[in-house]
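All residue numbers in this chain count up from 1 along the given sequence.
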Amino acid sequence: MASVAGTTSLCLTSVSCSFKHTQVGRISSANSVSLPINGNSFPSLRLRSAPRFRVSCVAKPETVKKVCDIVKKQLALPEDSTVTGESKFAALGADSLDTVEIVMGLEEEFGISVEEESAQSILTVQDAAELIEKLMEKNA
């Protein structure tokens with residue numbers, strides 16, 4: 001799954017394009033792109049502002065589940081409450097102290113150490129899971 005984020009969000013689950021070696025996309029400027037796909041020519045795509053891309057890897061489902069369980073426990077949420085990767089800590093009722101406690105619980109569970117700068121960038125369960133996997137990979 002690819003994710004492109006900017007002023008507009010776009011998620012692609014599957015994209016299939018075939019380019020012949022003679023077909024070449026044309027970039028007129030930083031804000032205009034034209035690509036021939038499967039022999040068909042499409043008008044240029046124009047952007048209102050320069051694109052800003054963020055590429056992120058998706059954390060393993062088991063990591064996301066563990067983070068969800070820790071978040072539920074730290075926030076004393078009922079067992080039947082729904083917490084997913086897209087859940088924002090603020091929307092779950094977490095204040096800054098709750099977020100610190102969640103990060104401490106994650107550090108203990110996964111045997112990692114999260115720097116303050118990294119901890120401040122965590123807004124969702126998915127953000128936390130991705131950071132955990134990044135730190136675990138770095139420590140391995």
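Atom CD of Glu62 sits in a crowded spot, with more than 12 heavy atoms from other residues, nucleotides or ligands closer than 6.0 Å. Within a 6.0 Å radius of NZ in Lys72, more than 12 heavy atoms belonging to other residues, nucleotides or ligands are found.
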Start with the C-alpha gap between Val100 and Ser96, add the side-chain angles, then the distance that decides, and say whether side chain to side chain contact (heavy atoms under 4.5 Å, CB included) holds.
-> CA-CA 6 Å; Val100 169; Ser96 58; 5.7 Å; no
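Interatomic distance, Ile70 CD1 to Leu75 CG, rounded to the nearest 0.5 Å: 11.5 Å. To the nearest 0.5 angstrom, Ile122 atom CD1 is 15.0 Å from Lys88 atom NZ. Here OG1 of Thr124 is found 6.0 Å from CD of Gln126. Values are rounded to the nearest 0.5 Å. Between atom CD1 of residue Ile112 and atom CD of residue Glu107 there is a gap of 6.5 Å, rounded to the nearest 0.5 Å. Going from atom NZ of Lys138 over to atom NZ of Lys134 covers 7.5 Å, rounded to the nearest 0.5 Å.
Between Val64 and Ala59 the shortest heavy-atom distance is CG2-CB, 4.1 Å. Across every non-hydrogen atom of Ser118 and Ser121, the tightest pair is O-OG, 2.7 Å. Between Ala128 and Leu106 the shortest heavy-atom distance is CB-CD1, 4.0 Å. The two residues Val114 and Ala119 have their closest heavy-atom pair at CG1-N, 3.7 Å.
Screening Asp98, Asp95, Val125 against Phe89 for a side-chain contact (heavy atoms from CB on, under 4.5 Å) leaves a single residue, Val125. The side-chain contact (heavy atoms from CB on, under 4.5 Å) test with Phe110 singles out one residue from Leu135, Leu131, Thr63, Asn139, and that residue is Thr63.
By the criterion of side-chain heavy atoms lying less than 4.5 angstrom apart, applied directly or through intervening Ile, Leu, Val, Met, Phe, Trp or Tyr residues, Leu92 is not grouped with Leu123; the two fall into different hydrophobic clusters.
Between the side chain of Glu101 and the backbone N or O of Gln74 there is no donor-acceptor pair closer than 3.5 Å.
Using a cutoff of 4.0 Å between basic side-chain nitrogens and carboxylate oxygens, Asp69 and Lys73 are not scored as salt-bridged.
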